[in-house]
There are 2 protein chains.
Amino acid sequence: MATMKEIADAAGVSQATVSRVLNDGPKVGRATRERVKSIIKELNYRPNANARALANSRSDAVGVVIADLYEPFFAALAHGVETVARKHDTQILISGGSIGLEHEQKAIGTLLSHRCDAMVVHSKSLPDGQLIELAREVPGMVLINRFIPEIASRCVWLDNQAGGRLMAEYMIRQGHTKLAVISSDFPIDDPLHRIAGIQEALAAANIDLPEVNIEYGPPNQEGGEAAVQNLMSKGADFTAVLAYNDAMAAGAMAMLLDHGFDVPREVSVIGYDDILLAKYCRPKLTTLRYPIEMMASKATELALQYAQGILPSEDTTYKYQPTIVKRDSVRKI
Amino acid sequence: MATMKEIADAAGVSQATVSRVLNDGPKVGRATRERVKSIIKELNYRPNANARALANSRSDAVGVVIADLYEPFFAALAHGVETVARKHDTQILISGGSIGLEHEQKAIGTLLSHRCDAMVVHSKSLPDGQLIELAREVPGMVLINRFIPEIASRCVWLDNQAGGRLMAEYMIRQGHTKLAVISSDFPIDDPLHRIAGIQEALAAANIDLPEVNIEYGPPNQEGGEAAVQNLMSKGADFTAVLAYNDAMAAGAMAMLLDHGFDVPREVSVIGYDDILLAKYCRPKLTTLRYPIEMMASKATELALQYAQGILPSEDTTYKYQPTIVKRDSVRKI
DNA sequence: TTGTAGGCGTTATCAG
DNA sequence: CTGATAACGCCTACAA
């Protein structure tokens, strides 16, 4: 592939000049500029991004660390990043996380190697300390779905506890008092926060949540199915299921239906996330909207800004609130 | 961030030596190697990927061109690529396509700038010629979901016509003779191929498909809903719907159910792709499995191999076949 | 307005 | 086994 030097020679100018027209650099003769441009076109020249990154000691790709592109939730996240990246004419370098300390470390290492100036990191395993240090090293790093007080302005996160509270309050308002909770057994904080929120609402309404009415499992459809099955085996008594996420909720509904329980007539179910599937499944799932795509876009904007040295106006904070999306899986009793 | 020179100085050796231990280069004194390694660890050094790419004139990231990370289908594709990439310790550089000639051109341009030696391209808008040329320039380029005879060994694709035939044959075997087809109005070949397959099966069974029983729309849920609505408005007579993809099928089912038609008792529906949603929706969708993730993995393996100069054993071809996944949305009549 | 020259961090070729 | 040194392709003062 043609290099800058070849263009320069062909145009009878110096590399410096070519570089200038490439970057809309200052003051290049109109004629020269045109000539160079046409040659560039003609030779089908493309600046070498690597060389450029080297010289600038900054890459134009925004780095992304996420666990799994297949999960609709992460896909939405990636999409949010991609949308903004495209607007800014940069690409995204995805470094597969997959939950787990080592994976995340490696993923971040890769991004560091590439000298991404902006990065959007979804990390659940890394300890706060390491992330704080990373934040110091990389001005353009922002965390998504995690809050660390020391680097508050680098965090774009959701108020999970409020979410838990919301879903419980909603069920209570619908007349439910016998709740079951199916949560995730992943070793991260989100489940805890959500349950804390649920307990909060329950306490306020003076409702008890028996230990047997709580089940944990992998946060996917199978986990939801298994959880409901366990609940039934234990003879748990409930009219409403609060799920950790939509996938579990869908699994729960499937299992309930398979066992002859009508949803929502006999049992109400509420999810969390509002991924695509919530609209598709039957009955349509009532759930909590997790504006992950919007959040991801925001995070990317921030990362890009910070990387450019534009710092947050103050100790601004980026906490998002989940909201209820009413569909057909909850019924008033 | 520390550079190689700093490491070299700190270890009292030359850069060349450091470079050698980094790349497990030939013959470095055992003692030296250990010393350098420890210093590297100590200074938390990371080789600069950009510099390395420059020197090698090859990047270690596999480039990916896809339209939209949000679509579950593409998410699965991306996931397939990512899985293989990770195994090979490389990252993926995603360049947003979004269907459309210009977007795709730009996306590819970006990848070229980065000198990705391996790339997996999903392009529906670019003309054959351009892709063929690209294949010449970039040995490690492979096309996914598209077949171009001139570069057959670079194509990993699905037999869409066979898919169309399969779905129609299946419905016919279930006793259906009054079929409706809802297809995509995107200007790409896939819909045509699938319909061709359907017609083929119909012809073989001597069944007629009235023009009014075919509807086109955007290949998503809304498109599916609208299509069914149009079908009903036109008073089309059918007991089975063959959808372009699962999203349309889901939309169709939703609309059918909303209008009081029991699926599959009164109307059977079959989808295409077998994305996650097919399992989640109710009734569970009978559909055609599009092994996109497997195909994406294969494409990535190929791209990586070709990039390394390992050429296909012959004029091998990578045509995949869709298969029927029976669930609950089709009924024998 | 344009050219010269040095540097960015690695790799690779030669010598020693 | 190890050390100079010249690329790699581009950017950016500094001159002219």
Side-chain angles (χ1 to χ4, degrees), chain A residues 1-37 39-40 43-61 90 109-117 137 308, chain B residues 1-37 39-40 43-61 90 109-117 137 308:
Chain A
M1 183 158 296
T3 81
M4 210 165 99
K5 185 168 182 350
E6 302 182 57
I7 304 295
D9 291 349
V13 298
S14 74
Q15 291 191 34
T17 301
V18 177
S19 174
R20 289 190 186 100
V21 346
L22 243 35
N23 307 300
D24 293 317
K27 304 177 180 312
V28 182
R30 181 149 177 63
T32 326
R33 156 162 284 136
E34 291 312 318
R35 184 151 40 90
V36 172
K37 277 196 172 175
I39 303 228
I40 287 182
L43 269 58
N44 193 13
Y45 164 75
R46 304 194 158 285
N48 181 319
N50 298 123
R52 186 176 280 189
L54 215 210
N56 297 322
S57 57
R58 69 203 310 286
S59 145
D60 64 337
T90 72
T110 303
L111 261 30
L112 284 174
S113 291
H114 281 264
R115 303 297 188 271
C116 290
D117 37 340
E137 283 178 35
Q308 278 183 37
Chain B
M1 182 156 293
T3 80
M4 211 167 98
K5 185 168 180 349
E6 301 183 57
I7 305 293
D9 290 350
V13 298
S14 75
Q15 293 190 32
T17 302
V18 178
S19 175
R20 288 190 186 100
V21 346
L22 245 34
N23 306 300
D24 294 316
K27 305 179 182 305
V28 182
R30 180 149 176 63
T32 326
R33 156 163 283 137
E34 291 312 318
R35 185 153 40 90
V36 172
K37 277 196 171 174
I39 303 227
I40 286 183
L43 268 56
N44 193 13
Y45 163 76
R46 304 193 157 287
N48 182 319
N50 299 122
R52 188 175 282 194
L54 214 210
N56 297 323
S57 58
R58 68 203 310 287
S59 146
D60 64 337
T90 72
T110 304
L111 261 31
L112 285 174
S113 291
H114 281 265
R115 304 295 188 271
C116 291
D117 35 341
E137 285 178 35
Q308 277 183 38

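The figures that follow rest on heavy atoms only: side chains count, while hydrogens, waters and symmetry mates do not. Proteins get letters first, then strands, A, B, ... in listed order; numbering begins at 1 in each.
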Partner set under side-chain contact (heavy atoms from CB on, under 4.5 Å) for B:Ser14, not counting sequence neighbours = B:Ala16, B:Thr17
inquiry  = Just the rounded figure in Å: distance from C1' of D:dT12 to CZ of A:Arg58.
reply    = 15 Å
key: Whole angstrom value for the distance that separates P of C:dG3 from CG of A:Asp9   = 11 Å
request  = Any side-chain hydrogen bond (donor to acceptor under 3.5 Å, both in side chains) involving residues 46-55 of chain B? Give me the pairs, sequence neighbours left out, ordered by first then second residue.
outcome  = none
remark   = Distance col, row A:Arg30:CZ vs A:Glu34:CD, nearest 0.5 angstrom, shows 5.0 Å
query = If you measure from OG on A:Ser57 to CE on B:Met1, what distance do you get to the nearest 0.5 Å?
reply = 12.0 Å
ask   = Is the phosphate of D:dA4, meaning OP1 or OP2, less than 4.0 Å from a side-chain N or O of B:Ser14?
value = no
inquiry  = Five pairs per end, C1' atoms only: what is the angle between the end axes of the helix from C:dT1-D:dA16 to C:dG16-D:dC1, to 10 degrees?
reply    = 40°
ask   = With B:Asn44, which residues qualify under side chain to side chain donor-acceptor pair (under 3.5 Å), at least two apart?
value = none
Which atom pairs, donor and acceptor, lie under 3.5 Å between side-chain atoms of residues 3-10 of chain B and protein residues at least two apart or in another chain?
| from | atom 1 | to | atom 2 | distance (Å) |
| --- | --- | --- | --- | --- |
| B:Thr3 | OG1 | B:Lys5 | N | 3.1 |
| B:Thr3 | OG1 | B:Glu6 | N | 3.4 |
| B:Lys5 | NZ | B:Asp9 | OD2 | 3.1 |
| B:Glu6 | OE2 | B:Thr3 | N | 3.2 |

ask   = So, does A:Arg115 use its side chain to make a donor-acceptor pair with the main chain of A:Ser113 at under 3.5 Å?
value = yes
inquiry  = Are A:Leu22 and A:Ile40 packed together at the side-chain level, in the sense that at least one heavy-atom pair is separated by less than 4.5 angstrom?
reply    = yes
inquiry  = Strictly under 4.0 angstrom, non-hydrogen atoms only: write out the protein contact profile of nucleotides 6-16 of chain C, one letter per nucleotide from the 5' end, B, S or -.
reply    = --BBBBBB---
